[in-house]
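Read through the structure below, which is laid out as structure tokens, and then see the notes.
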Amino acid sequence: MNKFLLSLVSVISSTAFAQETAVKQPEFWSPVVEHQIQRDIPQYLGYTDNAGLLMSTYDPNSVSSGYLGFLQSAEMISNLIFASIIAVAVLFTVFVLINGRAKLSDGFSGKLIQRWSVGDVVLHWCAAVPCIILILSGFVIGAGKVWLAPMMTPAHFHSLVYASVLFHNIFAIPFIIAAVILMVKWSRNQLPESGDGKWFLALGGYINLGGKPKHPDAGFANAGEKAFFWTFTIFGLALVVTGLLLLFPGLFGTLSKNGALLALIIHICSAIILGAFSVVHIYMGAVMSEGGMENMLSGKCDENWAKQNHNLWYAKIQGQNK
């Protein structure tokens, strides 16, 4: 009996001692701590994984602190991307609600005029659909950490960014092909004309407040459409070149770290500018101008739409048909 009690006391004492000396194990979930390495390039998903090409000419002392300073301003970049897409869309929606749509003064005539060929319509959508996907996926990549991450779990946000990078890289190729063909093919109808200044002064005749608007003279493309086309061409080409540099640095020889940083900055700035213009372009074609969307669905426009929005072009084709 005494031996049993001694054994029991010994076991209890050992257990108590083990509990007192137990080391607390770290929890499975713990906060993630980010460490910023001074003068290092920020990590962007989708960036080339071929470090050899980028580091072959790398000199830490030659890396531009100005480039790094811009890229490390993640919140500023996120806010600019947000403003170029979401804020512009909201502001334009408010404008349409207050101003109203640009309706046809004489309504639809029912008579259709061929404005775009079938090939032009197909080309437009081959560039437009990838462009929209690139804008949306770019928003997730560039502004998601600030504007989207707080709304979801880390796992969901990681999956969203991964999918966005994948879509961004895949749809970049068809966009490049269609956009370059479009730029070359449509440029001859987008050259400046003497009446473009008056079109801008009249704001295209789209302002309904203060009386019935009068649409200014315009040829095949009005001044607003020309402004978008050349913005699309200039900044679109900048996106194409820098995008190819970042995706396939080996195609252009050895890319220095400063060259990669500069390409990334140009890509971001061009995307911000083109994103804002694209949102306005979509609103003007699909929402603001009554009868405008039909142009890029069937390639044809109503006769009254042509008279009101592109009177010089309408007069020209009527003269050719006589």
Side-chain angles (χ1 to χ4, degrees), residues 83-85 87-109 111-116 120-121 124 127-128 131-132 135 182-183 186-236 272-318:
S84 71
I85 301 171
V88 170
V90 171
L91 288 173
F92 214 91
T93 300
V94 173
F95 168 74
V96 173
L97 290 174
I98 295 174
N99 180 78
R101 299 179 70 195
K103 293 184 177 275
L104 296 178
S105 302
D106 300 322
F108 289 96
S109 68
K111 182 180 178 181
L112 298 178
I113 300 173
Q114 192 73 42
R115 180 164 168 81
W116 299 98
D120 284 326
V121 173
H124 171 268
C131 182
I132 293 172
I135 289 173
L182 185 150
M183 292 170 189
W186 290 7
S187 59
R188 62 191 180 118
N189 286 324
Q190 308 295 328
L191 299 176
E193 295 176 295
S194 59
D196 290 342
K198 294 180 180 179
W199 191 96
F200 279 118
L201 289 175
L203 297 176
Y206 289 107
I207 305 300
N208 295 330
L209 305 176
K212 188 176 181 179
K214 182 183 182 304
H215 286 266
D217 294 337
F220 181 84
N222 61 42
E225 291 167 339
K226 293 175 185 177
F228 173 74
F229 175 83
W230 291 112
T231 300
F232 177 80
T233 298
I234 294 170
F235 293 100
I272 290 171
I273 295 170
L274 189 55
F277 271 82
S278 296
V279 171
V280 175
H281 175 71
I282 292 170
Y283 263 91
M284 292 299 295
V287 180
M288 189 66 183
S289 178
E290 184 179 32
M293 187 64 180
E294 285 77 359
N295 282 266
M296 279 306 166
L297 293 178
S298 65
K300 298 178 181 180
C301 66
D302 188 87
E303 186 177 54
N304 285 347
W305 184 90
K307 289 179 183 178
Q308 180 169 303
N309 294 280
H310 298 272
N311 61 319
L312 299 180
W313 168 72
Y314 174 75
K316 181 179 179 181
I317 61 173
Q318 288 299 107

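Side-chain atoms are counted along with the backbone in the values below, which use heavy atoms only and exclude waters and symmetry mates.
Counting only heavy atoms from C-beta outward, the side chains of F95 and I207 approach each other to under 4.5 Å. Side-chain contact between S278 and F228: present, with at least one pair of heavy atoms (C-beta onward) separated by less than 4.5 Å. W116 has its side chain out of reach of K300: every pair of non-hydrogen atoms, C-beta onward, lies at least 4.5 Å apart.
Applying the salt bridge (Lys or Arg N to Asp or Glu O under 4.0 Å) criterion to E290, with sequence neighbours excluded, gives no partner residue. Evaluation of the side-chain hydrogen bond (donor to acceptor under 3.5 Å, both in side chains) rule for S298 yields no partner, not counting sequence neighbours. Not counting sequence neighbours, the partners of L297 by the side-chain contact (heavy atoms from CB on, under 4.5 Å) test are W125, M293. Under the rule for a salt bridge (Lys or Arg N to Asp or Glu O under 4.0 Å), E294 has no partner lying at least two apart in sequence or in another chain. Every residue two or more places apart in sequence or in another chain was checked for a salt bridge (Lys or Arg N to Asp or Glu O under 4.0 Å) with D217, and none qualifies. Annotation: side-chain hydrogen bond (donor to acceptor under 3.5 Å, both in side chains) contacts of S289 (sequence neighbours excluded): W305. With sequence neighbours excluded, the residues satisfying side-chain hydrogen bond (donor to acceptor under 3.5 Å, both in side chains) with W186 are D120. K307 pairs by the side-chain hydrogen bond (donor to acceptor under 3.5 Å, both in side chains) definition with nothing, not counting sequence neighbours. Annotation: ring-ring contact (aromatic ring centres under 6.0 Å, His included) contacts of H124 (sequence neighbours excluded): none.
Formation of a donor-acceptor pair under 3.5 Å by the K226 side chain with backbone atoms of L191 is found in this model. Not one N or O on the side chain of D196 forms a donor-acceptor pair closer than 3.5 Å with the backbone of N222.
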Please test Y314 against Q308 for side-chain hydrogen bond (donor to acceptor under 3.5 Å, both in side chains), starting from the C-alpha separation and ending with a verdict. CA-CA 9 Å; Y314 174 75; Q308 180 169 303; over 6 Å; no
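Residues L104 and N309 approach most closely at CD2-ND2, 4.3 Å, considering heavy atoms. When every heavy atom of A218 is checked against every heavy atom of W199, the shortest pair comes out as CB-CD1, 4.4 Å.
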When the side chains of residues 229-236 are checked against the rest of the protein, which donor-acceptor pairs come out under 3.5 Å, sequence neighbours left out?
{"unit_1": "W230", "atom_1": "NE1", "unit_2": "Q190", "atom_2": "O", "d": "2.7"}
{"unit_1": "T231", "atom_1": "OG1", "unit_2": "A227", "atom_2": "O", "d": "2.7"}
{"unit_1": "T233", "atom_1": "OG1", "unit_2": "F229", "atom_2": "O", "d": "2.9"}

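The list of side-chain hydrogen bond (donor to acceptor under 3.5 Å, both in side chains) pairs with a residue in residues 93-104, not counting sequence neighbours, reads T93-Y283. Applying the salt bridge (Lys or Arg N to Asp or Glu O under 4.0 Å) test to residues at least two apart or on different chains, none of the pairs has a partner in residues 275-288.
Between I113 atom CD1 and Q318 atom CD the span is 6.0 Å, to the nearest 0.5 Å.
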